[in-house]
Amino acid sequence: MQTASDFPGILQVAIPSPLPQIFDYLPPLGCEVDRVEPGMRVRVPFGRSQKIGVIVALVNDSQFGRARLKPALELLDDNALVSPDIQALAQWASRYYHYPLGEVLAATLPTLLRQGDEAKVSGEKVWSLNAAGMAVVHESLKRAPRQLALLQLLQKLEKPLNAGALDVQFENWRGIMRNLVDKGWIELAEQTTLIVPAAETSRAPELNSAQQAACDAIDNALGGFESLLLDGVTGSGKTEVYFSAVEQVLRAGQQALILVPEIGLTPQLLKRFQARFAVPIALLHSGLNDKARMNSWLQARAGDAPIIIGTRSAVFTPMKNLGIILIDEEHDLSFKQQEGFRYHARDVAIRRAQQAGIPIVLGSATPSLESLHNARQGRFQHLLLPERAGNAAPPKIRLLDVCQQKLTEGFSSMMLQAIRHHLDKGQQVLLFLNRRGYAPTLICHDCGWLANCKRCDAHMILHKSRHLLRCHHCDSQRRIDDQCPDCGSVDLRPLGQGTERAAEALVELFPNNEIIRIDRDSTRRKGALQAVLKQVEGGKGQILLGTQMLAKGHHLPNVTLVGILDADQGLFGLDFRSSERMGQLIIQVAGRAGRGESRGEVLIQTHHPEHPLLNGIITHDYGRFASDLLVERSQAMLPPFRHIAVLRAEASSREMPNEFLSAARDMGFQLPKPAELLGPIPAGMEKRAGRYRAQLLIQADNRAQLHNFLRHWLPQLSQLAQAKKVRWSIDVDAMELS
Ligand code: ADP
Ligand code: ZN
Ligand code: ZN
């Protein structure tokens, strides 16, 4: 056996740190050499502390000389924790996003593994009925209907359930479970295997011809790399197409990876998967605790979970035998990480599919302009579902001109009439207002003073029920002023309308109907959104009022009227993507109308009924709307026609970011093949959380040119004297220029 002293190799270790380089170490003392392979974690001395890194290569020489190297302290794995394909993906992502490999590799690992825990599935609690519980006579629980319901569920399933499975099947089950435990009916155990949560599986409906064609195209693509854009109007049955694809993949003994924007916002999709497939489903999202996340990750890696559903970072989940990647709502911004390692999960997923030689399906009713452009260029296969599935007809969309109209708390009389009409028919109404809180700010009626955030260029939002003014950008808050700090007047009034205020008005206007508010404030509690959606599912005569949380793919079959209270917010945004966003949002919200038997109606309040953007949207043809935007983008030489990156800087003074970026720009001009550099300009919101922000835009005609430039330019920036006085970062394929 060899020992460390005669071990020929040197470990190259990627360590999470702002430094881009890889670090060389000797193997740990007493380490068996043949055990070591790339992908294992290793604990190493680093500066005055220790860090956990991932071995990326074994080499024979170090540029620093063997004698100067320190031995690593401990090998943490028996075999490669980071599989070779994920190592390759991380290498690519590190180069593409110009972010240190050590940080990228760390981002692919669940927290506990990043911290050095043993890579072992650990037990989680499961609840099941014992013999006494199975024998309970239902009559004895007549006066405890919730306990009875939970007992019946457990009796019916006849198998242990974990917290995740209980969460989807039974609201607020913990208290009730405790009652059953107290009665001596429950057996609590630790279980390490995945649980199949659904009781019975639902059957597929007969697919329509467009769905069938899409399924066939995906079937044909299996076994090789191809990107397919599933471009289907809201309610067109995209989920059925996903199911069919997953079914094929499972039949071949492979795994499916499904990425969704925010699992917390799409409990329904998850439920539908669980109802369709009687196989273990591993979940990966931020709502899980660290242990559960690690378990899911390990089970995906071991091949024990055939279906993996997760949010952005799940794109890096190792998979024993991956057969397909699906991305639902591919246009959603949450796939792009906006800080630190600024990757786009969709683009990483495409790269992953290419490396693995498997198809990737991007689904949306409102595809991103990037994906549409790729489809039109023939790089993606374009699958269209132009009509709603089943009997549902597309909703009728109308603009309501509110200029010179008398508004009651933000509602025009036409809107109120329509709401009443639909409620009278026992249907549900969904009202969309993309501003949470009571009002966007507070104004002094005597002198015009506005409540601004002291740390940001932004208003403080009034949250009346909590007696607070709050900044949604830096989270600072203070008690509502009772006097104007400028003129001393006590006549301070809310200015504008948020969901809290609209809900208050609706309670007055429709005292006999149930008003349900859905926004981040009202659904903060875990499981709250699920509970509300359930309440909505069976309900009649209700008004649902909410923010963009309501736009996210929910299937609400009893909603027949969708009212958009203020469409003007997004029309004049500063960002070149604001029109695209606004269109997507309106179409997604409108898509909630009339998904059941009755035809839906959509009313949009606006002061700009002649605006071409709105008119493009109401023809309900996203394809045409997007085509117009693509023409504009091509004329303006913007993405997807050109490739961009943004160099951002922030500091406590206004001048420093500007000086750093100017120096960076001048340095860039000197390079042999410069990209186009525009700026620096102040960020859309220049001051945020007490810091001043500015940016420099980098543009190039093609990716290679952009990356070539960045590769030469970025390493030099840290050498600039100004670099030490700012916090700076590079954002490749930036989605927001604000
Ligand atoms: P999308 O995700 O495209 O918005 P969904 O997959 O949620 O659409 O489907 C909308 C509704 O139509 C669902 O209730 C679904 O069960 C139903 N549906 C889908 N395909 C069919 C079909 N071929 N026949 C009948 N109903 C269908
Ligand atoms: Zn005043
Ligand atoms: Zn602030």
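All values reported here derive from a predicted model rather than from experimental measurement. Just so you know, ligand 1 is whichever comes first in the structure, and atom 1 is the first atom listed for that ligand. What you see below is based on every heavy atom in this structure, not just the backbone, and it leaves out hydrogens, waters and symmetry mates.
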Discussion item. Show the nearest heavy-atom pair for residues Y622 and P367, with the distance to one decimal.
Written reply: OH-O, 2.6 Å

Worksheet, complete the sentence: Residues A567 and I604: closest non-hydrogen pair is CB-CG2, 3.4 Å

Side chains of [X] and [Y]: donor-acceptor distance under 3.5 Å anywhere?
| X | Y | result |
| --- | --- | --- |
| R346 | S368 | yes |
| Q535 | Q542 | no |
| R376 | S627 | yes |
| N374 | E370 | no |

Any N or O on [X] sitting closer than 3.5 Å to an N or O of ligand 1?
| X | result |
| --- | --- |
| G235 | yes |
| K238 | yes |
| G237 | yes |

Taking 4.0 angstrom as the limit and counting only heavy atoms of [X], give me the atoms of ligand 1 inside it, by number and element.
| X | result |
| --- | --- |
| G390 | 24 (N), 25 (C), 26 (N) |
| E240 | 19 (C), 20 (N) |
| N208 | 23 (N) |

Are any side-chain N or O atoms of [X] and backbone N or O atoms of [Y], one a donor and one an acceptor, separated by less than 3.5 Å?
| X | Y | result |
| --- | --- | --- |
| R435 | Q497 | yes |
| T441 | A451 | yes |
| N208 | Q211 | yes |

Practice prompt. Check salt bridge (charged side-chain N to carboxylate O under 4.0 Å, His left out) between K336 and all other residues, then give those that pass, not counting sequence neighbours.
Written response: D731

When you look for heavy atoms under 4.0 Å from ligand 1, do you find them on the side chain of [X], its backbone, both, or neither?
| X | result |
| --- | --- |
| E206 | backbone |
| T239 | both |
| S236 | both |

Show me the side-chain donor-acceptor pairs of residues 442-450 shorter than 3.5 Å, one per line, residues at least two apart or across chains.
| unit_1 | atom_1 | unit_2 | atom_2 | d |
| --- | --- | --- | --- | --- |
| H445 | NE2 | R493 | NH1 | 3.4 |
| D446 | OD2 | S489 | OG | 2.6 |

Worksheet entry | Chi angles and distances behind the side chain to side chain donor-acceptor pair (under 3.5 Å) call for T234, Q588 | CA-CA 7 Å; T234 53; Q588 292 284 351; over 6 Å; no

Fill in: the Zn ion (ligand 2): protein N, O or S atoms [distance under 2.8 Å]
C444 SG, C447 SG, C484 SG, C487 SG

Worksheet item: At the 4.0 Å heavy-atom cut-off, does R272 count as touching ligand 1?
Response: yes

Worksheet, complete the sentence: Exactly one of V279, I281, L269 clears side-chain contact (heavy atoms from CB on, under 4.5 Å) with Q274, and that residue is I281

Item to complete: Could you point out which residue of R648, R727, M685, E686 forms a side-chain contact (heavy atoms from CB on, under 4.5 Å) with R693?
Response: M685

Item to complete: Everything protein-side that's N, O or S and under 2.8 Å from the Zn ion (ligand 3): list it, residue and atom.
Response: C453 SG, C456 SG, C471 SG, C474 SG

